Amino acid sequence: MRNLASRLDLIAPSPTLALDAKAKALKAAGRDVISFGVGEPDFDTPEHIREAGVKAIRDGFTRYTPVDGLAELKEAVCEKFRRDNGLEYSPSQIVVSNGGKHSLYNIMLCLFQPGDEVIVPTPAWVSYGPLVTLAGAAPVLVKTTAESGYALTAAQLEAALSPRTRGLIINSPSNPTGLAYGPERLKELAALILKHQLWVVSDDIYEKIIFDDLQFCNLPMIEPALRGQTVIAHGVSKTYAMTGWRVGFLAGPEKVARSASKIQSQTTSNPCSISQKAALAALNGPQDTVAAMARAFQRRRDLLLKILAEIPGVSCVRPQGAFYAFPDFSAYFGKRAGETLIQGAEALADYLLDKAGAALAPGGGFGDGRSLRISYAVSDENLARGLTRVKAALADLK
Ligand code: PMP
Ligand code: GLU
């Protein structure tokens, strides 16, 4: 067979999805595995949303829709931004896609090209780098530190700028650290972003999962002057426990939205008609399940921090949102269990999967090899059981 396209050599498969597949395969083979690997709410999609999907099928709502989403769904998205964020968009500034990841891919294709650099503060979600790379641009990974709670500082941003810098990705609340940017930090960044006329990609997918009465904010809310150079990526996956339905959306300048729609018209056409009806019910329907899920995640965050605090040598920045923690396990690197040497995060993740039946995602894929990511979108019982097993397995390392 002839060689495949060289772009394939530039990216690896999503490590979080690969780990999830591995944990599921072990479970199917009868192993008692608790998966802290993939970031997916463990709740069912709320009943009224599922019913809307069923009704769409019964009504025969099974044909193509407009490429960029149903008119009423785009209206509902505009209303969401008005209601929640005080941001005014018209439907022509919205594109509904097959999940937040697809929205992000469309955004990268619209904004970035070969020769461009895009700043990605790390630790970061595993897909930003590959998405930028697939658009032909170069991700510039900028390491943040636990001292700033993993927030990008203005000084770090300034130091990373080059004449080629075209944009910046901000994800708050963050996957994998749980960091939620406050207005002060965003203001600091905003001044530089304006000065250098950078595109902002604001990934707000965890907006509704925020703790301790913190108020969500993003760059265009804090600095209205940035609205013309910001594209928000969002979706229903995390807010409404709808990961499998595949509905995401973007909001941004009309030119960007129309360009994303043009790409979509030649690649995927509209997202699933049935899922769009369900997403409409999600956005326009009662929102009480959203707050209930956020409360459950906060309770689990507290439980997780309590157990982690009992493990010697492990430190963890307190997550303020999403459903991830990113503890530093590097105190265990170089230790052994019998013949097994724990060289780093990958080896530790393998050891914990084997010894404790707990799947944690090694930090390398997120840009920090000292940590492992724990997704605590699991039941309280499994959280406690799984972490207790992790604690015992770590105690066996000498
Ligand atoms: N952004 C972040 C930070 C995520 O963690 C995810 C979850 N995979 C997404 C975007 C995309 O979510 P989805 O494609 O399932 O809507
Ligand atoms: N956001 C999830 C995670 O980080 C889903 C998996 C993925 O899309 O990478 O685990």
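Atoms within each ligand, like the ligands themselves, are counted from 1 in listed order. Just so you know, these numbers come straight off a predicted model, no measurement behind them. Index from 1, following the sequence. Heavy-atom basis, side chains included; hydrogens, waters and symmetry copies ignored.
Residues Ser35 and Asp20 are in side-chain contact: their nearest non-hydrogen atoms beyond the backbone lie under 4.5 Å apart. Residues Leu194 and Leu226 form a side-chain contact, since some pair of their non-hydrogen atoms from C-beta on lies under 4.5 Å apart. Two residues are said to be in side-chain contact when any heavy atoms from C-beta on lie closer than 4.5 Å; Asp396 and Tyr351 meet this criterion. A 4.5 Å side-chain heavy-atom check between Phe323 and Arg300 finds every atom pair outside the cut-off.
Side-chain atoms of Glu79 and Asn284 include no donor-acceptor pair closer than 3.5 Å. The closest side-chain donor-acceptor pair between Glu254 and Tyr89, if any, does not fall under 3.5 angstrom.
If you look at Asp20 next to ligand 2, there are no close heavy atoms at all, none under 4.0 Å. By the criterion of a heavy-atom distance under 4.0 Å, the side chain of Leu17, and not its backbone, is placed next to ligand 2. Contacts of Trp245 with ligand 1, taken as heavy-atom pairs under 4.0 Å, are absent altogether.
Residue Ile209 comes nearest to Ala294 through the heavy atom pair CA-CB, 4.4 Å, listed as atom of the first residue, atom of the second, then distance.
Remark: aromatic rings of Tyr206 and Phe216 are distant, center separation not under 6.0 Å. Proximity of the aromatic rings of Phe297 and Phe43 is defined here by a centroid distance below 6.0 angstrom, and this criterion is met.
Between Gly39 and ligand 2, a contact under 3.5 Å exists for at least one N or O pair. Between Arg373 and ligand 2, at least one pair of N/O atoms sits closer than 3.5 Å. The distance criterion of under 3.5 Å between nitrogen or oxygen atoms is met by Asn175 with respect to ligand 1.
Taking every non-hydrogen atom of Tyr128 and a distance limit under 4.0 Å, the qualifying atoms of ligand 1 come out as 3 (C). Near Ser237, with a cut-off below 4.0 Å to any heavy atom, the atoms of ligand 1 are 13 (P), 15 (O), 16 (O). Interface of Ser14 with ligand 2, defined as ligand atoms under 4.0 Å from a residue heavy atom, comprises 9 (O). Short contacts between ligand 2 and Tyr206, defined as distances under 4.0 Å to a heavy atom of the residue, involve ligand atoms 1 (N). Every atom of ligand 1 with a heavy atom of Asn171 under 4.0 Å away is listed here by number and element: 3 (C). Taking every non-hydrogen atom of Tyr324 and a distance limit under 4.0 Å, the qualifying atoms of ligand 2 come out as 1 (N), 2 (C), 3 (C), 4 (O).
Among all non-hydrogen protein atoms, the one lying nearest atom 15 (O) of ligand 1 is Arg246 NH1, 2.9 Å. Of the protein's heavy atoms, Thr16 OG1, 3.4 Å lies nearest to atom 7 (C) of ligand 2. Lys101 NZ, 2.9 Å is the protein heavy atom nearest to atom 8 (O) of ligand 2. Atom 1 (N) of ligand 2 has as its closest protein heavy atom Lys238 NZ, 3.0 Å. When hydrogens are left out, the protein atom nearest atom 2 (C) of ligand 1 is Asp203 OD2, 3.4 Å; that is the closest non-hydrogen contact. Of the protein's heavy atoms, Ile205 CD1, 3.7 Å lies nearest to atom 12 (O) of ligand 1. For atom 11 (C) of ligand 1, the closest non-hydrogen atom on the protein side is Lys101 N, 3.5 Å.
With Trp125, Phe249, Tyr206 as candidates, the residue nearest to atom 8 (N) of ligand 1 on a non-hydrogen basis is Trp125.
Ring orientation note: the planes of His234 and Phe249 are close to parallel, at an angle under 30° on the 30°/60° scale.
At least one heavy atom of Lys238 sits closer than 4.0 Å to an atom of ligand 1. Residue contacts with ligand 2 do not include Phe366, since none of its heavy atoms lies under 4.0 Å from the ligand. Proximity of Gly99 to ligand 1 is established by a heavy-atom distance of less than 4.0 Å. Remark: distances from the non-hydrogen atoms of Thr243 to ligand 1 are all 4.0 Å or more.
Using a cut-off of 4.0 Å between Lys/Arg side-chain N and Asp/Glu carboxylate O, Arg164 and Asp116 are scored as not salt-bridged.
No chain of hydrophobic side-chain contacts below 4.5 Å, direct or via other Ile, Leu, Val, Met, Phe, Trp or Tyr residues, connects Leu104 to Ile170.
With respect to Asn218, the side chain to side chain donor-acceptor pair (under 3.5 Å) criterion is satisfied by exactly one of Asn85, Thr230, Asp204: Asp204.
Counting non-hydrogen atoms of neighbouring residues, nucleotides and ligands closer than 6.0 angstrom, the CD atom of Gln197 exceeds 12 such neighbours.
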